[in-house]
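Note that ligands are numbered from 1 as they come in the structure, with each ligand's atoms numbered from 1 the same way.
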Amino acid sequence: MRLLTEAEGPAVAIENAEAKADVIIVCEHASRRLPAALGTLGLDSPALESHIAWDPGALDVARFMADGLDATLIHQRFSRLAYDCNRPPQAEGAMPVASEIYDIPGNRAMSSEERQARIEEIYIPFTSGLRDLIAERREAGRTPVLVTMHSFTPVYFGRTRTVEIGILHDSDSRLADRMLMAADRPDSAYIVRRNEPYGPADGVTHTLIQHGVKNGLANVMIEVRNDLIRTESAARVVAGFLMGLLAPSLADLR
Ligand SMILES: [Zn+2]
């Protein structure tokens with residue numbers, strides 16, 4: 001079976017491909033678009049527009065950062081409800097049957113053909129697109145640095161989250177440590193914490209492990225509370241803050 005039509009275009013988008021910086025910005029949850037073949041997955045519009053479908057604002061921040069750093073940006077063009085590209089195919093969360101307080105009826109009782117089509121048409125192009133991008137850079141004698149950009153909901157299961165920006169890492173914390181050090185000042189514009197509101201134990205470091213840790217590349221996952229990036233101008237401010245943490249950290253890594 002085919003999932004995506006010709007008109008829907010490729011699953012993965014790469015912007016600023018010829019960028020000079022070593023940083024590659026990754027946005028797995030950039031889009032809430034569902035492949036037409038999946039309909040609404042049985043969800044109503046509020047759910048389809050909510051954080052369960054995508055990371056609101058994350059692509060805006062990622063674009064401002066790609067622009068400011070002269071970095072390449074790679075992002076997924078379809079919703080994580082169809083396939084969550086920060087999860088391996090065997091993970092339950094790859095094609096979740098529930099997310100936070102929402103049930104996802106269309107992801108229950110999927111045929112193995114449908115499951116396979118989602119893996120092959122959404123996940124594989126994304127993960128191999130990123131793999132190839134990294135390989136090209138390394139062949140050219142460059143050392144890529146992986147920065148993945150996400151956003152999280154301010155209220156989760158009815159509880160308000162106080163953390164504003166999470167700096168997440170798996171076993172390689174080189175870049176995260178430096179960014180956290182740079183953020184640790186009394187006049188910091190945001191509340192920044194390590195491995196919050198999630199951490200490696202929650203299975204959110206798939207991209208970091210697969211493309212960063214396994215290649216020995218410095219890497220970090222950034223989570224921004226989505227109420228702080230509701231508008232483009234707000235996203236620009238947060239991107240500026242994050243670049244202010246990244247720049248000295250990258251310099252120190254070198
Ligand atoms: Zn995300």
Side-chain angles (χ1 to χ4, degrees), residues 11-13 15 23-34 41 43 47-66 73-89 91-96 98-102 104 107 118 122-123 125-127 129-130 146-157 161 163-170 175-176 179 190 192-213 219-230 234-235 238-239 242:
V12 60
E15 298 179 13
V23 171
I24 295 174
I25 299 176
V26 184
C27 201
E28 299 98 315
H29 304 147
S31 174
R32 60 184 169 85
R33 178 187 299 125
L34 277 175
L41 292 175
L43 294 165
L48 290 171
E49 283 159 26
S50 78
H51 67 94
I52 71 163
W54 64 320
D55 285 357
L59 182 59
D60 291 334
V61 177
R63 281 188 169 137
F64 284 123
M65 286 176 68
L73 164 65
I74 176 167
H75 61 94
Q76 172 55 248
R77 294 185 56 251
F78 291 94
S79 170
R80 71 194 205 185
L81 291 170
Y83 189 101
D84 182 337
C85 281
N86 195 24
R87 297 287 188 286
E92 250 177 56
M95 291 162 269
S99 180
E100 204 212 354
I101 53 172
Y102 302 90
I104 307 163
N107 284 354
R118 294 197 200 185
I122 299 178
Y123 176 68
F126 186 80
T127 196
L130 179 52
L146 212 62
V147 175
T148 74
M149 203 53 243
H150 294 261
S151 75
F152 63 93
T153 179
V155 180
Y156 192 64
F157 285 111
R161 287 160 155 170
V163 59
E164 295 179 316
I165 292 176
I167 304 292
L168 283 64
H169 60 82
D170 202 275
L175 183 52
M179 289 181 71
Y190 299 98
V192 183
R193 297 202 185 121
R194 182 190 298 268
N195 284 334
E196 283 193 40
Y198 324 98
D202 303 300
V204 299
T205 49
H206 172 63
T207 300
L208 294 190
I209 295 171
Q210 199 62 24
H211 298 282
V213 176
N219 61 85
V220 70
M221 173 173 176
I222 302 174
E223 283 274 7
V224 180
R225 210 174 65 197
N226 70 31
D227 58 316
L228 301 171
I229 46 176
R230 281 206 178 114
V238 168
L242 294 172

Identity of the N, O or S atom of [X] lying closest to the Zn ion (ligand 1):
{"X": "D55", "result": "OD2"}
{"X": "H29", "result": "ND1"}
{"X": "H150", "result": "ND1"}

Between the side chain of [X] and the main-chain N/O of [Y], is any donor-acceptor distance below 3.5 Å?
{"X": "N86", "Y": "V204", "result": "yes"}
{"X": "N195", "Y": "H169", "result": "yes"}
{"X": "R225", "Y": "R161", "result": "yes"}

Establish, from distance only, whether the side-chain atoms of E100 and H51 form a donor-acceptor pair under 3.5 Å.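 A pair is found: one side chain offers a donor N or O, the other an acceptor, under 3.5 Å apart.
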